[in-house]
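One structure below.
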Amino acid sequence: MKHSTLILCVVTSLFCSACETGLQTEEVYSIEAGTVRLTNTPPQKAFPSWSPDGTRLAFSQSETGTRLFKASLAGELQLLLEEDDYFSEVKLSPQGDFVAYVSRGRGHVWVRSLLDGSERLLTPEQREGITPFWSPEGKWLAFRYATAQQPNFSIWIVPFEGGAARRITPQDQNHYWGTSFSPDGQKIALAMRPADRLGKWEIATIDVHRGELKQLTSPPFDKLYPAWSPDGTSIAYIAYEDSCSSTYSSIQLVPSNGGAARELITIRGRARQIAWSPEGASLLIEVQSTGLYMLTLATRELNLLSLPRGLSSTSLNWFPDAQSLLLPEYVSSVSLAVVALKDKQARKISDRKIDNAYRPAWLNDEEIMFVRGKAFWKIPATGGVSTQMALDTNATKYDFELSPDRTRLLFDDGQDIYLQTLQGGPAINLTSHINESVNQATWSPEGKRIAASYYSGLKVFELVSEKLVERKILPGYHQFPAWSPQSDLGAYLAFVNSGSIFLASLEDSEPKQALAYANYPAWSPDGQWLAHVYQWDIYMSKVLERIE
């Protein structure tokens with residue numbers, strides 16, 4: 001006679017697996033929980049969904065692209081580069097033929113030619129570069145750097161032609177934030193602050209070769225974003241009464257060799273960047289939520305520039321002609337992809353024309369549903385043309401889940417839960433009689449109960465005559481509930497709390513942590529595995545197993 005034992009496998013991290021007792025029916029065993037990584041690509045993944053036969057996973061992935069434009073002050077635009085990557089901290093080389101940037105998907109500082117599109121990695125693999133900026137002759141790039149182990153910002157430089165990066169700021173606990181080389185390339189202007197956060201940000205210079213540090217300003221006020229004038233005599237910067245919440249920003253100037261600072265102008269709003277024009281006659285000032293201003297130094301006249309809609313003003317870059325700016329435009333979309341578990345190969349099945357392809361779910365082994373705006377769509381699992389389904393389109397749809405028999409679906413509009421049949425007809429509001437917001441609904445295996453999130457926990461309802469009747473509450477901040485399929489292992493609710501996935505049997509057990517550092521749980525058809533997301537990639541982990 002066979003002896004059956006149900007165990008819950010607890011994975012304490014995705015790289016170190018363990019098993020803990022809990023949710024068992026008879027005896028306690030220990031096994032090693034298996035975790036398999038299924039994706040390893042830059043786009044951020046979410047909402048994995050199993051095919052009915054358990055051999056594939058569909059998921060949505062957020063993708064961003066960047067277009068770089070040359071924009072003249074007269075409003076003329078020229079497209080220079082278009083790439084399926086998000087370029088943050090874009091900085092134009094002094095000659096105007098290269099851009100340095102940080103890749104959101106791949107990290108690190110990269111350099112891209114605006115002439116032929118070629119690129120190369122500048123920062124070594126062990127260094128994550130932030131806010132790169134060029135030396136005047138274009139031979140060096142500087143960047144700031146910090147890690148969880150070394151949280152204080154430091155300034156590093158790396159040769160443009162390739163080579164090792166080296167730190168130029170002192171090996172102390174102060175924070176250093178550099179933004180500008182001197183015109184002769186010998187010094188960098190930076191902001192510095194003690195690590196204890198009791199002091200203010202002050203402006204200083206540091207010699208690139210000798211490491212000599214000279215502080216130029218003194219309290220009060222925080223001072224950030226120093227920018228060296230083209231003639232090398234002055235450094236402009238932004239001063240705030242409070243660096244985090246100031247209503248006004250003071251644009252100030254200090255001699256680069258030391259001396260008294262003076263105010264140029266006070267601007268309403270939070271200024272975040274400044275840049276000198278190549279001839280030194282004006283300053284560009286980027287103000288949060290307002291736009292890009294030009295300050296003419298001779299007259300102190302401040303003018304708001306009229307940029308083409310959609311272009312970002314958060315990277316201040318002059319072309320050498322002093323008449324044009326480099327401006328990025330960011331394009332985002334959500335596409336669908338499928339990963340085959342046999343060979344662990346992921347393949348995108350939709351293109352950018354399907355933007356915001358949200359929350360995929362398998363209709364059958366050959367078709368996948370998804371939400372786009374207020375409508376339901378479907379697409380072949382092998383890719384191809386998507387078609388809109390003839391279902392209710394009046395309510396906004398944030399989450400949806402098909403019933404176990406795949407004839408009905410639940411969705412919410414952020415406030416209420418709706419029931420929709422795949423045959424069509426109007427959607428039915430199941431929670432119009434409930435005063436609080438409920439969302440993220442999930443079906444029980446037999447299709448007669450529904451669990452959903454509310455502001456302080458999970459509620460379990462029974463579906464009675466097209467209304468939800470409350471039966472049980474699991475208190476706590478629980479999100480993304482997923483009810484396991486019907487099997488002889490029993491039925492469990494998986495949900496996310498504080499960045500970890502927990503399992504709960506509603507009949508006889510308190511919730512137990514199953515996966516640390518995991519999100520978006522999705523049950524396999526056999527009820528033993530959970531697909532989930534960790535650091536925006538898809539994994540699958542065995543969380544329930546029967547030992548015969």
Side-chain angles (χ1 to χ4, degrees), residues 42 63-73 76-123 127-136 138-145 155-158 160 165 177-181 188 224-228 271-278 283-288 291-294 305 307-332:
E63 296 184 279
T64 54
T66 303
R67 297 171 183 163
L68 297 181
F69 290 89
K70 184 177 183 180
S72 72
L73 297 182
E76 298 175 350
L77 283 180
Q78 177 187 353
L79 179 63
L80 301 178
L81 187 68
E82 186 171 11
E83 182 63 33
D84 289 340
D85 192 0
Y86 186 96
F87 296 171
S88 65
E89 311 285 358
V90 180
K91 297 297 179 183
L92 183 68
S93 67
Q95 292 74 32
D97 49 358
F98 288 91
V99 289
Y101 59 92
V102 178
S103 167
R104 173 176 288 184
R106 297 170 294 170
H108 308 292
V109 175
W110 297 76
V111 170
R112 179 72 65 97
S113 169
L114 293 178
L115 302 177
D116 60 16
S118 61
E119 72 169 357
R120 66 176 181 274
L121 177 67
L122 254 290
T123 50
R127 303 249 176 243
E128 291 281 351
I130 305 174
T131 315
F133 54 99
W134 295 84
S135 64
K139 293 182 178 180
W140 296 86
L141 273 160
F143 60 94
R144 63 185 173 97
Y145 173 71
I155 308 299
W156 295 67
I157 62 172
V158 61
F160 169 60
W177 193 333
T179 57
S180 179
F181 273 92
I188 287 176
L224 290 166
Y225 310 109
W228 220 300
R272 298 186 299 182
Q273 287 191 83
I274 54 176
W276 291 84
S277 61
L283 281 171
L284 284 180
I285 306 168
E286 189 261 321
V287 181
Q288 184 178 4
L292 189 60
Y293 291 83
M294 181 178 291
L305 298 183
L307 298 176
R309 185 178 180 181
L311 296 185
S312 171
S313 61
T314 57
S315 292
L316 305 186
N317 294 278
W318 285 94
F319 276 89
D321 62 11
Q323 299 298 316
S324 304
L325 303 174
L326 178 74
L327 295 176
E329 178 185 37
Y330 299 112
V331 181
S332 62

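Side chains are part of it too, since the values below use all heavy atoms of this structure and drop only hydrogens, waters and symmetry mates. All values reported here derive from a predicted model rather than from experimental measurement. Throughout, numbering of the chain's residues begins at 1 and tracks the sequence.
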Distance, nearest 0.5 Å, that separates [atom1] of [X] from [atom2] of [Y]:
| X | Y | atom1 | atom2 | answer |
| --- | --- | --- | --- | --- |
| Leu326 | Leu80 | CG | CG | 6.5 Å |
| Leu305 | Leu284 | CG | CG | 6.5 Å |
| Ile157 | Trp134 | CD1 | CH2 | 13.5 Å |
| Thr66 | Tyr330 | OG1 | OH | 5.5 Å |
| Leu81 | Arg112 | CG | CZ | 5.5 Å |
| Trp110 | Asp85 | CH2 | CG | 8.5 Å |

Between [Y] and [X], is there a side-chain heavy-atom distance shorter than 4.5 Å?
| X | Y | answer |
| --- | --- | --- |
| Pro132 | Glu89 | yes |
| Asp97 | Leu114 | no |
| Val102 | Thr131 | no |
| Asn317 | Leu325 | no |
| Pro94 | Pro136 | no |
| Ile285 | Val287 | yes |
| Phe181 | Leu141 | no |
| Phe143 | Leu122 | no |

Hey, does the side chain of [X] reach the backbone of [Y] with a donor-acceptor pair shorter than 3.5 angstrom?
| X | Y | result |
| --- | --- | --- |
| Trp318 | Trp276 | yes |
| Ser180 | Ala227 | no |
| Ser72 | Gln323 | no |

- Can Val99 and Lys91 be said to form a side chain to side chain contact (heavy atoms under 4.5 Å, CB included), step by step? CA-CA 5 Å; Val99 289; Lys91 297 297 179 183; over 6 Å; no
- Establish, yes or no, whether a centroid distance under 6.0 Å links the rings of Phe160 and Phe98. yes
Exercise: identify the closest heavy-atom pair between [X] and [Y]:
| X | Y | value |
| --- | --- | --- |
| Pro328 | Leu68 | CB-CD2, 3.8 Å |
| Ile155 | Gly178 | CD1-N, 3.0 Å |
| Glu329 | Phe69 | OE1-CE1, 3.4 Å |

- With a cut-off of 6.0 Å (strictly less than), are more than 12 heavy atoms of other residues, nucleotides or ligands near CD of Gln95? yes
- Message: Applying salt bridge (Lys or Arg N to Asp or Glu O under 4.0 Å) to Arg67 and Glu83, what does each step give before you reach the verdict?
- Response: CA-CA 6 Å; Arg67 297 171 183 163; Glu83 182 63 33; over 6 Å; no
- Aromatic ring pairing Tyr101/Phe87, orientation class (parallel under 30°, perpendicular over 60°, tilted between): parallel
- So Trp156 and Tyr145, would you call those rings parallel, tilted or perpendicular, with 30° and 60° as cut-offs? perpendicular
- Answer yes or no on whether Lys70 is positioned over the face of Phe319, meaning its NZ or CZ is under 6.0 Å from the six-membered ring centre and within 45° of the axis. yes
